[in-house]
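Here is the structure we will look at, set down as structure tokens.
Residues: numbered from 1 along the sequence shown. In this text, all values refer to a predicted model and were calculated from it rather than measured experimentally. Heavy atoms only: backbone and side chains are in, while hydrogens, waters and symmetry mates are out.
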Amino acid sequence: MLYIAGVGRSGSTLLERMLGALPGCVNTGELNAIFSRVISQDQRCGCGEPFSACPFWTAVGEQAFGGWESVTDRMCRLQQHLVRQRRVPQLAAGVAGPDFRHQLADYLDGYQRLYRAIAQVSGADVVVDASKSAAQLVALRRLRGLDLRVLHLVRDPRGVAHSWTKSGIRKPQSRDGDTMATYPPHRLAVLWTTLEIECGAVAASVPHAARVRYEDLVARPRPTLARAVAALGLSTDPAALDHVGERSVVLEPSHGIAGSRSRFVSGRVELRLDDAWRSSLPVGARRMVTAVTLPHLLGYGYVGRRSDLVAPGAGS
Ligand SMILES: [Zn+2]
């Protein structure tokens with residue numbers, strides 16, 4: 001199982017679909033949203049069908065649970081109770097009472113069945129899950145026998161913060177006009193830092209992990225993806241990346257769920273860096289996000305000598 005970890009609005013839908021096009025891989029979207037949002041709202045699958053009418057997910061639900069109805073409410077309740085950002089220390093350290101442990105085992109059994117059914121129905125060896133959530137990742141790490149590989153996706157937090165300020169953007173997969181959530185930059189900066197520490201720590205603790213910067217993925221998709229795929233112990237055959245060009249990628253529709261608008265674009269997709277934050281994120285917010293996230297900005301090469309992306313003065 002290949003888990004894309006990171007912060008929302010970092011380009012994970014694109015990355016997940018690029019990985020899903022590798023031989024032996026299947027991309028599934030954000031599986032941590034399947035019970036809580038996708039099924040309950042009957043959101044559109046990446047294939048264009050409502051979830052309830054998608055043949056792939058209907059087969060997966062039958063295979064895993066004998067139908068989604070039998071399990072959805074229970075998995076929603078368990079997730080709401082157990083898999084919270086504030087629970088991460090408890091999930092990671094395993095310090096919990098018997099009730100918590102029993103409920104967590106029940107929740108993880110649901111995801112194990114789900115992953116197995118996806119592999120069986122798709123015929124793929126590798127299931128790509130773009131959930132991103134650190135809490136979900138820390139929980140999954142407790143699943144015995146799961147070959148968990150982690151791709152840690154990073155984007156400049158000022159771009160992430162800018163993306164979360166945009167209001168009134170319709171959720172592409174929603175069928176009732178729902179809009180994307182917003183988040184203020186000062187809270188985003190703190191949350192981003194916390195999530196980076198957690199995702200980085202889990203990635204460092206598994207045998208196969210890689211880190212990819214969104215900006216590198218868009219500017220140099222082929223070598224960036226090739227390095228990540230090799231570090232993750234997946235195919236090293238150059239032909240596996242035939243769908244990835246110099247500045248574009250060819251993507252077929254998939255059965256990925258949730259995610260961004262790019263979920264519903266297929267064919268040849270031109271890759272363009274979204275750096276609108278440089279002109280649109282207010283100076284005060286930019287300075288504040290820069291200050292709060294500075295240790296990671298330096299570590300990831302977004303500012304300082306290793307930066308080849310930030311124009312002089314742009315990050316100040
Ligand atoms: Zn579908």
Count I, L, V, M, F, W, Y as connected when their side-chain heavy atoms are under 4.5 Å apart, and connections chain through other members. Are [X] and [Y] then in the same cluster?
{"X": "V212", "Y": "L271", "value": "yes"}
{"X": "V292", "Y": "L297", "value": "no"}
{"X": "F264", "Y": "V249", "value": "no"}
{"X": "L191", "Y": "M288", "value": "no"}

Is the number of heavy atoms from other residues, nucleotides or ligands within 6.0 Å of [atom1] ([X]) greater than 12?
{"X": "H81", "atom1": "NE2", "answer": "yes"}
{"X": "Q85", "atom1": "CD", "answer": "yes"}
{"X": "E246", "atom1": "CD", "answer": "no"}

For the student: nearest non-hydrogen atoms of [X] and [Y], plus distance:
{"X": "R222", "Y": "V244", "value": "NH1-O, 3.0 Å"}
{"X": "L153", "Y": "G11", "value": "CD2-C, 3.8 Å"}
{"X": "R149", "Y": "G233", "value": "NH1-O, 3.4 Å"}
{"X": "L31", "Y": "D129", "value": "N-OD1, 3.3 Å"}
{"X": "V121", "Y": "Q63", "value": "CG2-CB, 4.4 Å"}
{"X": "N27", "Y": "S254", "value": "ND2-OG, 3.0 Å"}

Are L151 and L2 close enough, and set up right, to give a side chain to side chain contact (heavy atoms under 4.5 Å, CB included), and what steps lead you there?
CA-CA 7 Å; L151 206 176; L2 173 53; 4.1 Å; yes
Give a yes/no verdict on a cation-pi contact between R187 and Y183, requiring under 6.0 Å between NZ or CZ and the six-membered ring centre and an angle within 45° of the axis.
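Verdict for Y183: a cation-pi partner in R187.
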H255 vs F56 aromatic rings, parallel, tilted or perpendicular, using cut-offs 30° and 60°?
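Taking F56 first and then H255, their aromatic rings lie parallel (interplane angle under 30°).
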Assign the ring pair W68 / F65 to parallel, tilted or perpendicular, where the plane angle (0 to 90°) is split at 30° and 60°.
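It falls in the tilted class, 30° to 60°.
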Mind checking the [atom1]-[atom2] spacing from [X] to [Y]? Nearest 0.5 Å is all I need.
{"X": "E198", "Y": "L137", "atom1": "CD", "atom2": "CG", "answer": "9.5 Å"}
{"X": "I34", "Y": "S40", "atom1": "CD1", "atom2": "OG", "answer": "11.0 Å"}
{"X": "L143", "Y": "L148", "atom1": "CG", "atom2": "CG", "answer": "9.0 Å"}
{"X": "L15", "Y": "K132", "atom1": "CG", "atom2": "NZ", "answer": "10.0 Å"}
{"X": "L104", "Y": "Q90", "atom1": "CG", "atom2": "CD", "answer": "9.5 Å"}
{"X": "Y111", "Y": "Q136", "atom1": "OH", "atom2": "CD", "answer": "4.5 Å"}

Just by modelled atom types, is the [Y] backbone N or O under 3.5 Å from a matching donor or acceptor in the [X] side chain?
{"X": "S163", "Y": "V160", "answer": "no"}
{"X": "D237", "Y": "A239", "answer": "yes"}
{"X": "R142", "Y": "L91", "answer": "yes"}
{"X": "S70", "Y": "G66", "answer": "no"}
{"X": "T28", "Y": "V128", "answer": "yes"}
{"X": "S280", "Y": "W277", "answer": "no"}
{"X": "S131", "Y": "S133", "answer": "no"}
{"X": "S248", "Y": "G245", "answer": "no"}

Between [X] and [Y], is any pair of side-chain heavy atoms under 4.5 Å apart?
{"X": "L298", "Y": "V303", "value": "yes"}
{"X": "L188", "Y": "V289", "value": "no"}
{"X": "L14", "Y": "M18", "value": "yes"}
{"X": "L19", "Y": "I4", "value": "yes"}
{"X": "I197", "Y": "H296", "value": "yes"}
{"X": "I39", "Y": "W57", "value": "no"}
{"X": "V38", "Y": "E30", "value": "no"}
{"X": "R74", "Y": "F35", "value": "no"}

Does the distance from a Lys or Arg side-chain N to an Asp or Glu carboxylate O, for [X] and [Y], drop under 4.0 Å?
{"X": "D156", "Y": "R213", "answer": "no"}
{"X": "R77", "Y": "D73", "answer": "no"}
{"X": "E16", "Y": "R263", "answer": "yes"}
{"X": "D99", "Y": "R101", "answer": "no"}
{"X": "R247", "Y": "E270", "answer": "no"}

Please check if any side-chain donor atom of [X] sits under 3.5 Å from a side-chain acceptor atom of [Y], or the reverse.
{"X": "S52", "Y": "D42", "answer": "yes"}
{"X": "T224", "Y": "D216", "answer": "no"}
{"X": "S10", "Y": "S12", "answer": "no"}
{"X": "R158", "Y": "T293", "answer": "no"}
{"X": "Q120", "Y": "Y115", "answer": "no"}
{"X": "H152", "Y": "E196", "answer": "yes"}

Could you go through Y214 and L273, starting from their C-alpha distance and side-chain angles, then the distance that decides it, and tell me whether this counts as side chain to side chain contact (heavy atoms under 4.5 Å, CB included)?
CA-CA 9 Å; Y214 155 77; L273 178 68; 3.7 Å; yes
For a side chain to side chain contact (heavy atoms under 4.5 Å, CB included) check, start with the C-alpha distance between L251 and V265, then their side-chain angles and the critical distance, and finish with the verdict.
CA-CA 8 Å; L251 296 170; V265 179; over 6 Å; no
Could you please spell out the steps behind the side chain to side chain contact (heavy atoms under 4.5 Å, CB included) verdict for R155 and D274?
CA-CA 10 Å; R155 182 185 176 190; D274 175 1; 3.7 Å; yes
